[in-house]
Amino acid sequence: MSDQLQSLLAKQAITEVIARYARALDRFDETLLRSVFHPDSVHHHFYQGPSSAPDAPRPADGGPRDFVEFALGVLATHTRTHHQLGNTLIELTSPDHAVAETYFTAYHRMRPRGDPQAAPNACDTEMDYFVGGRYLDHFALRDGEWRITRRTGMTDWTRLEPPNSQGFDDIAPETIGRHYPDDLLYHWVGSD
């Protein structure tokens, strides 16, 4: 196989890992989220520490063991999220290592104060929280699989505003995005 073809295949595999990350967050799919990180991966994106270490000891302060536990805890304080990926630039630094920069825009519908799952910083009403930024990732190819070994999240802008969901109630219920395993996606994958 030519070096150019090998490079294209590597970049496609890395792009799919990044896309699976966004899907895992929005579908609240812990297994899928853990699958994008190598076991020794480290994180610096609203959380500093291991990316996916479910068997790690709990920190003395009672906080999350890893980024996955942290992220799912934060996302539980929202009724819905939507992570949109933009430009992705991937540089292969060797046949089994790469760095990638991926732009993202993330939408979060925050639960209001009084909701048992609301965050400590919840407002009196639901709020829409938007974040624009970039994922800076280091990837490694191990056992034929590209995964993230280090992620740093960059925040370029944020916005918090009251929600406006006019017309949302008119959408067919079966086509409204849901968490794993209830989302229509999980019923379509593997079926013809």
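Note that this is a predicted model, so its numbers are computed, not measured. The figures that follow rest on heavy atoms only: side chains count, while hydrogens, waters and symmetry mates do not.
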> Do you know which two heavy atoms are closest between Pro162 and Asp128, and how far apart they sit?
Replying inline: O-OD2, 4.3 Å

>> Enumerate the salt bridge (Lys or Arg N to Asp or Glu O under 4.0 Å) contacts for residues 82-102, please, sequence neighbours excluded, ordered by first and then second residue.
In response: Glu101-Arg134

>> Looking at every non-hydrogen atom in both residues, tell me the closest pair between Pro163 and Glu126 and how far apart they are.
In response: CD-O, 3.0 Å

>> For the backbone of Asp3 and the side chain of Ser7, can you confirm whether one donor and one acceptor N or O come within less than 3.5 Å of each other?
In response: no

>> I need the minimum non-hydrogen distance between Pro112 and Ala118, along with the two atoms involved.
In response: O-CB, 3.2 Å

>> Aromatic contact between Tyr180 and Tyr186, with the criterion being ring centroids under 6.0 Å apart: yes or no?
In response: yes

>> When you group the ILVMFWY residues by side-chain heavy-atom contacts below 4.5 Å and let the links chain together, are Leu85 and Val131 in the same group?
In response: yes

> What pairs meet the salt bridge (Lys or Arg N to Asp or Glu O under 4.0 Å) rule with one or both residues in residues 59-70, with sequence neighbours excluded?
Replying inline: Arg34-Asp66, Arg58-Glu69, Arg65-Glu69

>> Can a donor-acceptor pair be found, under 3.5 Å and without considering hydrogens, that links the side chain of Thr102 to the backbone of Thr88?
In response: no

>> Does His44, at its NE2 atom, have more than 12 non-hydrogen atoms belonging to other residues, nucleotides or ligands within less than 6.0 Å?
In response: no

> To the nearest 0.5 Å, how far apart are NE2 in His108 and OG1 in Thr81?
Replying inline: 6.0 Å

> Any chain of hydrophobic side-chain contacts (each under 4.5 Å) joining Val74 to Met127?
Replying inline: yes

>> If you define the side chain from C-beta out and look only at heavy atoms, does anything of Asn121 sit under 4.5 Å from Met110?
In response: yes

>> Could you tell me if the side chain of Arg23 sits less than 4.5 Å from the side chain of Asp183, heavy atoms only?
In response: no

> Which of these, Tyr21, Tyr135, Phe130, sits in a ring pair (Phe, Tyr, Trp, His ring centres under 6.0 Å) with Phe104?
Replying inline: Tyr135

>> Measuring from atom NZ of Lys11 to atom CH2 of Trp146, what distance do you get when rounded to the nearest 0.5 angstrom?
In response: 10.5 Å

> Are there more than 12 heavy atoms of other residues, nucleotides or ligands under 6.0 Å from atom CD of Gln4?
Replying inline: no

> Would you say Arg80's side chain and Arg109's backbone share a donor-acceptor pair under 3.5 angstrom?
Replying inline: no

>> Donor-acceptor pair, distance only, cut-off 3.5 Å: does the side chain of His38 make one with the backbone of Ala140?
In response: yes

>> In this structure, is the centre-to-centre distance between the rings of Tyr107 and His82 below 6.0 Å?
In response: no

> Can you check whether Leu92 reaches Gln6 side chain to side chain, under 4.5 Å on heavy atoms?
Replying inline: no

>> The criterion is salt bridge (charged side-chain N to carboxylate O under 4.0 Å, His left out); which residues satisfy it with Asp182, sequence neighbours excluded?
In response: none

>> With a 4.5 Å cut-off on side-chain heavy-atom distances among I, L, V, M, F, W and Y, is there a chain of contacts connecting Met154 to Ile148?
In response: no

> Is a donor on one side and an acceptor on the other found under 3.5 Å between the side chain of Asn87 and the backbone of Tyr103?
Replying inline: no

>> For Leu32 versus Asp29, what's the shortest heavy-atom pair and its separation?
In response: N-OD1, 3.1 Å

>> Check for me whether the distance between the ring centres of Phe37 and His43 falls short of 6.0 Å.
In response: yes

> What's the shortest heavy-atom distance between Leu75 and Leu25, and which atoms?
Replying inline: CD1-O, 3.5 Å

> Is it true that Val42 and Ile18 fall in one hydrophobic cluster, defined by side-chain heavy atoms closer than 4.5 Å?
Replying inline: no

> Where do Leu184 and Glu174 land on the side-chain contact (heavy atoms from CB on, under 4.5 Å) test, with the steps shown first?
Replying inline: CA-CA 7 Å; Leu184 185 60; Glu174 66 276 7; 5.9 Å; no

> Hey, is the main chain of Leu136 close enough, under 3.5 Å, to the side chain of Thr152 for a donor-acceptor pair?
Replying inline: no

> Which pair of non-hydrogen atoms, one from His45 and one from Phe70, has the smallest distance, and what is that distance?
Replying inline: O-CE2, 4.3 Å

>> So, taking the atom named CG in Asp40 and the one named CZ in Arg147, what distance separates them when rounded to the nearest 0.5 Å?
In response: 11.0 Å

> Quick one: do Val99 and Ile14 end up in the same hydrophobic cluster if we chain Ile, Leu, Val, Met, Phe, Trp and Tyr together by side-chain heavy atoms under 4.5 Å apart?
Replying inline: no

>> Measuring from atom CG of Leu8 to atom OG of Ser2, what distance do you get when rounded to the nearest 0.5 angstrom?
In response: 8.0 Å

> Take atom CZ in Arg178; do more than 12 heavy atoms of anything else shown fall under 6.0 Å from it?
Replying inline: yes

